[in-house]
J.: 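Let me give you the structure first, and then I'll get to my questions.
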Amino acid sequence: MSAHADNHAHDDDHGHHHKETFVTKYIFSQDHKMIAKQYLVTGTIMGVIGVLMSMMFRLQIAWPEEPNVLFEALLGKWAPDGVMDADIYLALVTIHGTIMVFFVLTAGLSGTFSNLLIPLQIGARDMASGFLNMVSYWLFFVSCIIMVSSLFVEAGPAAAGWTIYPPLSALPMAQGGSGMGMTLWLVSMAIFIASSLLGSLNYVVTVINLRTKGMSMTRLPLTIWAFFVTAIIGIISFPVLLSAALLLIMDRSFGTSFFLSDIFIQGEVLHYQGGSPVLFEHLFWFLGHPEVYIVILPAMGLVSEIMASNSRKPIFGYRAMIASILAIAFLSTIVWGHHMFVSGMNPFLGSVFTFTTLLIAIPSAVKAFNWITTLWKGNLQMNPAMLFSIGFVSTFITGGLTGIILGDSALDINVHDTYFVVAHFHLVMGISALYGMFAGIYHWFPKMFGRMLNKNLGYIHFWITAVCAYGVFFPMHFIGMAGLPRRYYTNSNFPLFDDLANVNVVITIFALVGGVVQIVYLYNFFVSIFFGKKATQNPWKSTTLEWTTPVEHIHGNWPGEIPHVFRWAYDYSKPGHDVDFVPQNIPLKEGEEELQH
Amino acid sequence: MTALLTIIVLVFILIAIWQMVKIFDLAQAKNENTTAGVATDKDNTLNGYLMMGFLAFIYIITIVSFVKWGDLPLMSNSASEHGPTIDNLMVISMVIIFIVQTITQFLLHYFAYKYKGEKGKKALFFADNNKLEAIWTIIPVIVLAGLIIYGLSTWINIMGVDESDDPLVVELYAQQFNWKARYAGADNTLGKANVRLIDIDRANILGLDESDPNAQDDVITTELHLPVGRPVLFKMRSQDVLHSAYMPHFRAQMNCVPGMITQFGFTPTVTTADMRQTPQMVEKVLNINNIRVENSKKLIAKGEDALERYEFDYLLLCNKICGKSHYNMQMKIVVETQEEYDAWIAEQKEFKNSLVN
């Protein structure tokens, strides 16, 4: 930790050592709590854009080629007479995927909670490098701006799917969106990756070096374990996507042939020779698959913590939970080929990837069973955060189970790239991670803003969202099994699928209701920042260190000395204590055994 | 105007939420003296019951989905030799999923209901149990081992092409946004080809090597005809971007990759004519035509043409995003008897006769 931060807290109990201007406090802040809030607000704005897009293409799928005032208002020239254009449909799907996966569920989720909780829960005054942390956020911000600005490009934003497989993404003549739109996409992602790497390095270094006295690795809350391992996976896999993006930029702009070969398009033969699109797929999914764990692991960490606290019980099988995080992280880096069973790669490789992929089900099953057992004989406090955590386990199981179909190469032949896949990954990583994020926001909102979110609005938000999430994605499995491919602008050219049209209408109605109900959440979030009921120091009666800091944020987090840690994070309802929680900074009683599992 | 209306609607929604919050606050002011924003016993009870309600909702949506959409012909009417093995594995996997889903969702939601919090209650300090954890590690290991072994043997059987079967060699050629098929002719060997040899003026649209003797008798068509019962080995090529040759009725799919040749083989087992006669297909087609009649009525009311009657055909669909008209990149597949196939192929022009000089 920097000497500056240490002195600072000792010198001054009120945390106003030197004059802070508006700019250093709210904009170019190096304080991890402020950066966390910046990530959250930016991620929320990006999330609104991403969800709006999904509602637009769901309208198109349910009522294909019908004019809609919403399209006319939002899409302009891309919706002549209010009818959505096929190019913009693909662009909406592409940008929706990109925004939700990277900008909301990676940066918005990890960026918010790693920044907020790592220093607070391990007992550090701030991140190892506050400056890098600030740079990380501002790079993220710049990448957001570039991604959003790509929506206004003349020939349209990137539209090759969020996986941007070349040659489609490499050749402007193949698709309007592969011109300037794709250039901006690639530049935005390159900057995003730089931001993510700076953040991840900071998280890893902070967890390793800045833990307070007594905070051994086996006393860390599971949140920190999840963020720590997530950051490591990010450091391992994100650079590979960066190289893929750079090579693609070379192919696009400088005439190299890394991914392209033997192409005849629009009446002419292109010069490319010897490259392979399959190479791009390998590079992309070498990040792409770990990416889904980068998204889901932090959510798992948050849910573990919230479940224990609200069940008033220790998390069941703490060490098994850590082991399964590590197992998932390890396996996540050797399963990417399951996205490529029918890509033309050697079928033997397909066998290997089937084997490694199905293995992931084992640590995942352990986690699911441990969460369920955590509830058993608990004293469940049904706060909104707890509801979202239970919802997380529910959608994680439902979505995860269909993974044993998609991970099985023989079965994947027939459901690959159909709506079955869309249903699977939205439940297991999209909705689940979103639930994890909501759970985290409801739980740590008092820590972030010193005020409480309105719980009744939280209940409305959860229950309608929960019903809609199943209503959208459960029937989707069945239209996938009927052979309906994803990314079709309309299915009306296939009478074969006419009997699925009504299912798509049902799905869209659930999607619209689910989307609109998020307004309740947004209202709750933004109004509560200013007018919410004042929070107490430890509203949920949790054991972790962040609840020992004052409600008012101060630089350096603790006014006096950093608390020392004497026990693990899960001493809830421990026999021999009067209260049902014993914070980590309370020394063991005489004769008390430290239970660690 | 639209923008204004949207803003007004939004404002109304926000006001409605604000009013709702006030009502909640008034309703709770009397009996709530604990910290604001934290669940009370009343909240715990209510949400506990809702958890059971939600469990019922999950079960209902599962049952409704299976009853209404679970028996789509595409899931059970495979038309290739390896199809039933995939369907069988699919059914086994679905049964396992169904059992695990039903049990775990029950436990999760039932516990959430059963152990809902009450003031003064103390939770059980139960942090670990190695035996339990061993059980739920070992059970998935056993189940997955079975699935992996079954799945891999199926996969290897499907993907391994047995050249000794003398398969009919057919090239599937993809371009934005249509498919072509190329038959190898009497020698059953495809002529060499590369997109660099494409000569539109000479109508050499697939870039065949005109000097290659094997290419002379190749036949290029826009429909895919397959003789029933004979193994087919498809060689896939693409001239521009990635495409995927998806033949769902045959449980077959392979990407078409520019710069390389990919392959997939299967044996069609049911002719188009026979498939149209199966009770499931008759029912499906009837249902689709009823839907089309309804839709036609609406179209006619708008002054547009009615939809054509639908008759079942096997299809080859593009299943890898390939650009603007991806959604309409298809080719009809006809499975027929050997005699019908022979008659059809004899009518087609050989490559050497199709060139324009």
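Just so we're clear, the structure is a prediction, and the values are computed from it rather than from any experiment. A note on names: the letters A, B, ... follow the listed sequences, proteins ahead of strands, and every chain is numbered from 1.
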J.: Just by modelled atom types, is the A:Pro347 backbone N or O under 3.5 Å from a matching donor or acceptor in the B:Trp155 side chain?
T.: yes

J.: Heavy-atom cut-off 4.5 Å, strictly under: side chain, backbone, both or neither for B:Leu315 against chain A?
T.: side chain

J.: Would you compute the distance between atom CE of B:Met51 and atom CE of A:Met382 and round it to the nearest 0.5 angstrom?
T.: 5.0 Å

J.: Quick check on B:Ile58 against chain A: is it the side chain, the backbone, both or neither that has a heavy atom closer than 4.5 Å?
T.: side chain

J.: Which one of A:Ser311, A:Pro495, A:Ser261, A:Gly532 has the most heavy-atom pairs closer than 4.5 Å to chain B?
T.: A:Pro495

J.: Contact part of B:His82 toward chain A, heavy-atom cut-off under 4.5 Å: side chain, backbone, both or neither?
T.: neither

J.: Applying salt bridge (charged side-chain N to carboxylate O under 4.0 Å, His left out) between A:Asp498 and each of B:Arg292, B:Arg309, B:Lys284, report the one that passes.
T.: B:Arg292

J.: Which atoms form the tightest heavy-atom contact between A:Pro485 and B:Asn319, and what is the distance?
T.: CB-OD1, 3.1 Å

J.: For the ring pair A:Tyr488 and B:His326, is the centre-to-centre distance below 6.0 Å?
T.: yes

J.: So, B:Gln253 side chain and A:Ile413 main chain: donor-acceptor pair closer than 3.5 Å or not?
T.: yes

J.: Below 4.5 Å, heavy-atom pairs only: which of A:Asn524, A:Val503, A:Asp580, A:Asn502 has the largest tally toward chain B?
T.: A:Val503

J.: Under a 4.0 Å N-O cut-off, is there an ion pair linking B:Asp128 with A:Arg319?
T.: no

J.: So which residue, B:Thr262, B:Val195, B:Val257, B:Leu132, ends up with the most heavy-atom pairs under 4.5 Å with chain A?
T.: B:Val195

J.: Give me the atom names and distance for the closest heavy-atom approach of B:Ala123 to A:Arg312.
T.: CB-O, 3.1 Å

J.: Hey, can you tell me if B:Phe54 and A:Tyr470 have their rings parallel, tilted or perpendicular (30° and 60° cut-offs)?
T.: perpendicular

J.: Heavy-atom pairs under 4.5 Å with chain B: which of A:Gly344, A:Ser351, A:Pro363 has the most?
T.: A:Ser351

J.: At a 4.5 Å cut-off on heavy atoms, which part of A:Leu260 comes close to chain B: side chain, backbone, both, or neither?
T.: neither

J.: Run the side chain to side chain contact (heavy atoms under 4.5 Å, CB included) test on B:Trp18 and A:Tyr523 for me, step by step, so that the C-alpha distance in whole Å, both residues' side-chain angles and the decisive distance to 0.1 Å come before the verdict.
T.: CA-CA 9 Å; B:Trp18 176 52; A:Tyr523 174 93; 3.0 Å; yes

J.: Ignoring hydrogens, what is the shortest heavy-atom contact between B:Ser93 and A:Ile405? Give both atom names and the distance.
T.: CB-CG1, 3.9 Å

J.: If you count heavy-atom pairs within less than 4.5 Å of chain A, which of B:Cys318, B:Cys256, B:Ser153, B:Gly53 leads?
T.: B:Cys318

J.: Among B:Lys122, B:Lys116, B:Lys121, which one satisfies side-chain contact (heavy atoms from CB on, under 4.5 Å) with A:Asn379?
T.: B:Lys121

J.: Can you tell which part of B:Ile148 gets under 4.5 Å to a heavy atom of chain A, answering side chain, backbone, both or neither?
T.: both

J.: Under a 4.5 Å heavy-atom cut-off, does chain A meet the side chain of B:Gln101, its backbone, both or neither?
T.: both

J.: Please tell me whether B:Trp69 and A:Asp499 have a donor and an acceptor in their side chains that are separated by less than 3.5 angstrom.
T.: no

J.: With no hydrogens and no angle check, is any side-chain donor or acceptor of A:Asp417 less than 3.5 Å from a backbone partner on B:Lys320?
T.: no

J.: By a 4.5 Å heavy-atom criterion (distance strictly below it), what part of B:Leu108 contacts chain A: side chain, backbone, both, or neither?
T.: both

J.: With a 3.5 Å distance limit and no angle check, can you tell me whether B:Gln176 reaches the backbone of A:Ala174 through a side-chain donor-acceptor pair?
T.: yes

J.: With chain A as the partner, which of B:Met247, B:Glu308, B:Gln239, B:Glu118 has the greatest number of non-hydrogen pairs under 4.5 Å?
T.: B:Gln239

J.: Non-hydrogen atoms of chain B under 4.5 Å away: do they reach the side chain of A:Val342, the backbone, both or neither?
T.: both

J.: For the candidates A:Asn454, A:Thr490, A:Thr354, A:Val393, which exhibits the highest count of non-hydrogen atom pairs separated by less than 4.5 Å from chain B?
T.: A:Thr490

J.: Distance-only, no hydrogens or angles: does the A:Asn493 side chain make a donor-acceptor pair with backbone N or O of B:Asn328 under 3.5 Å?
T.: no

J.: Heavy-atom distance under 4.5 Å to chain A: side chain of B:Leu14, backbone, both or neither?
T.: both

J.: Between chain B and each of A:Tyr165, A:Tyr459, A:Phe355, count heavy-atom pairs under 4.5 Å; write down the option with the most.
T.: A:Tyr459

J.: Heavy atoms only, distances under 4.5 angstrom: which of A:Gly161, A:Ala365, A:Gly176, A:Pro277 has the most pairs with chain B? Name it, please.
T.: A:Pro277

J.: Give, for atom CG of B:Asn129 and atom OG1 of A:Thr373, the distance between the pair rounded to the nearest 0.5 Å.
T.: 9.0 Å

J.: Between B:Asn47 and chain A, with a heavy-atom cut-off of 4.5 Å, which part of the residue counts as in contact: side chain, backbone, both or neither?
T.: both

J.: Which bit of A:Gln266 comes within less than 4.5 Å of chain B, counting heavy atoms only: side chain, backbone, both or neither?
T.: neither

J.: Looking at A:Ala86, is its backbone amide N or carbonyl O close enough to the side chain of B:Lys324 to form a donor-acceptor pair, meaning the two atoms are under 3.5 Å apart?
T.: no

J.: Measuring centre to centre across the rings, with the benzene-like ring taken for any Trp, is A:Phe478 within less than 6.0 Å of B:Phe66?
T.: yes

J.: Check each atom of B:Met254 against the heavy atoms of chain A and say whether the ones under 4.5 Å are side chain, backbone, both or neither.
T.: both

